[in-house]
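Below is one structure, written out as structure tokens; comments come after it.
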Amino acid sequence: MKKLLPIVLCAAILLAGCKSSGTSETTSSSAAASTTESVASEATSESVSDSTEAGATEEAQTANLESAVAALEAVNPIANPLGQDDFDFYVEYTMMLTMDNIVAYDGDITNNQADCGLVFVAQAKDGKAAEVEKELQAYKDSLAANDMYAEFADKIAISKEARIVTNGNYVAMVIASIDVGDYAAIDTALETALNF
């Protein structure tokens with residue numbers, strides 16, 4: 001019995017130590033969780049306020065976009081344009097534009113295989129117009145590089161001459177329709193279309 005008593009006392013001390021250590025760990029965990037929640041809450045508040053400020057300065061100017069597109073399509077009509085959902089898909093996945101750089105956009109592209117007409121005007125986020133212009137240039141280069149088919153030679157020649165113009169946060173790209181053929185009237189329209 002004398003030998004059993006020390007073993008029982010050691011076990012009791014170990015159990016008591018584990019229990020108080022567990023309580024301490026639980027208290028520490030609760031404090032850490034509370035601190036983490038507080039930091040996360042502050043970060044969320046700052047993020048919401050930043051996005052509110054950004055949203056206020058980067059509101060979509062749809063009237064400007066519609067006006068620019070109308071002016072450009074007056075001299076470069078787009079025959080049989082894609083539907084809006086298809087155009088949205090085209091902008092993101094064929095033109096490969098980074099949508100995070102754009103506040104809003106408008107325009108049309110022809111749905112006729114025998115044509116190449118395009119009018120596209122984007123309102124870039126502050127400081128992102130150069131990036132949008134660069135991506136549009138890459139898209140233009142990809143169109144002009146596709147000269148494997150002789151039957152598309154006229155479309156490729158017109159696409160090589162596509163116009164990309166930037167004014168402030170607005171970037172426009174225009175490819176002349178086959179019926180228009182040259183860029184004289186388009187160049188004139190581009191001089192004023194993005195002046196808001």
Side-chain angles (χ1 to χ4, degrees), residues 54-55 58-149 151-196:
E58 297 184 341
E59 183 178 322
Q61 301 298 320
T62 54
N64 289 351
L65 294 171
E66 290 170 2
S67 169
V69 168
L72 294 168
E73 288 189 9
V75 296
N76 186 45
I78 305 300
N80 189 27
L82 284 177
Q84 189 61 46
D85 289 344
D86 291 333
F87 185 67
D88 292 342
F89 183 86
Y90 188 87
V91 167
E92 188 168 0
Y93 297 105
T94 303
M95 295 173 81
M96 300 296 288
L97 296 179
T98 303
M99 302 313 286
D100 286 343
N101 292 338
I102 298 173
V103 177
Y105 63 86
D106 196 2
D108 288 303
I109 185 168
T110 186
N111 198 23
N112 290 349
Q113 282 191 333
D115 202 350
C116 56
L118 166 76
V119 170
F120 176 78
V121 182
Q123 177 189 349
K125 290 184 178 176
D126 289 339
K128 298 294 184 178
E131 291 179 40
V132 174
E133 182 178 354
K134 183 179 176 183
E135 290 176 343
L136 287 173
Q137 184 63 49
Y139 171 64
K140 174 185 170 181
D141 294 344
S142 74
L143 293 175
N146 187 12
D147 58 1
M148 296 186 323
Y149 303 103
E151 65 267 25
F152 298 131
D154 54 347
K155 290 170 51 174
I156 293 165
I158 290 172
S159 296
K160 284 181 180 179
E161 298 301 316
R163 303 302 199 245
I164 301 170
V165 175
T166 300
N167 187 356
N169 285 345
Y170 294 92
V171 186
M173 179 176 185
V174 180
I175 301 174
S177 296
I178 291 288
D179 292 340
V180 173
D182 68 57
Y183 286 88
I186 292 169
D187 288 336
T188 301
L190 280 167
E191 289 175 10
T192 57
L194 303 181
N195 294 336
F196 304 113

Exercise. Could you give the distance from CG (Leu194) to CG (Asn167), rounded to the nearest 0.5 Å?
Worked result: 5.5 Å
Exercise. Residues in salt bridge (charged side-chain N to carboxylate O under 4.0 Å, His left out) with Asp86, at least two apart?
Worked result: none
For this session: Decide yes or no on side-chain contact (heavy atoms from CB on, under 4.5 Å) for Leu65 and Tyr170, but give the supporting numbers first.
Result: CA-CA 9 Å; Leu65 294 171; Tyr170 294 92; 4.0 Å; yes
Problem set entry | With sequence neighbours excluded, residues passing side-chain contact (heavy atoms from CB on, under 4.5 Å) with Asp179 | none
Per-pair distances, 0.1 Å, donor-acceptor, side chain in residues 180-187, under 3.5 Å, sequence neighbours excluded:
{"from": "Asp182", "atom 1": "OD1", "to": "Ala184", "atom 2": "N", "distance (Å)": "3.0"}
{"from": "Tyr183", "atom 1": "OH", "to": "Ile158", "atom 2": "O", "distance (Å)": "2.7"}
{"from": "Tyr183", "atom 1": "OH", "to": "Ala176", "atom 2": "N", "distance (Å)": "3.0"}
{"from": "Asp187", "atom 1": "OD1", "to": "Arg163", "atom 2": "NE", "distance (Å)": "2.7"}
{"from": "Asp187", "atom 1": "OD2", "to": "Arg163", "atom 2": "NH2", "distance (Å)": "3.1"}

Exercise. Just checking, any donor-acceptor pair under 3.5 angstrom between side chains of Glu135 and Thr98?
Worked result: yes
Seminar exercise, completed: Shortest non-hydrogen pair, Ala193 vs Ala68, comes out as O-CB, 3.5 Å
Problem set entry | Which atom of Leu143 lies closest to which atom of Ser159, heavy atoms considered | CB-CB, 4.1 Å
Problem set entry | Val91, Asp108, Val174 screened by side chain to side chain contact (heavy atoms under 4.5 Å, CB included) with Phe120, the one that passes | Val91
Exercise. Should the ring pair Phe87 and Tyr90 be called parallel, tilted or perpendicular, given that the plane angle runs from 0 to 90° and is split at 30 and 60?
Worked result: parallel
For this session: Mind checking the CG-NZ spacing from Asn112 to Lys155? Nearest 0.5 Å is all I need.
Result: 9.0 Å
Problem set entry | Contact summary for Leu190 and Val165, nearest pair of heavy atoms | CD1-CG2, 3.8 Å
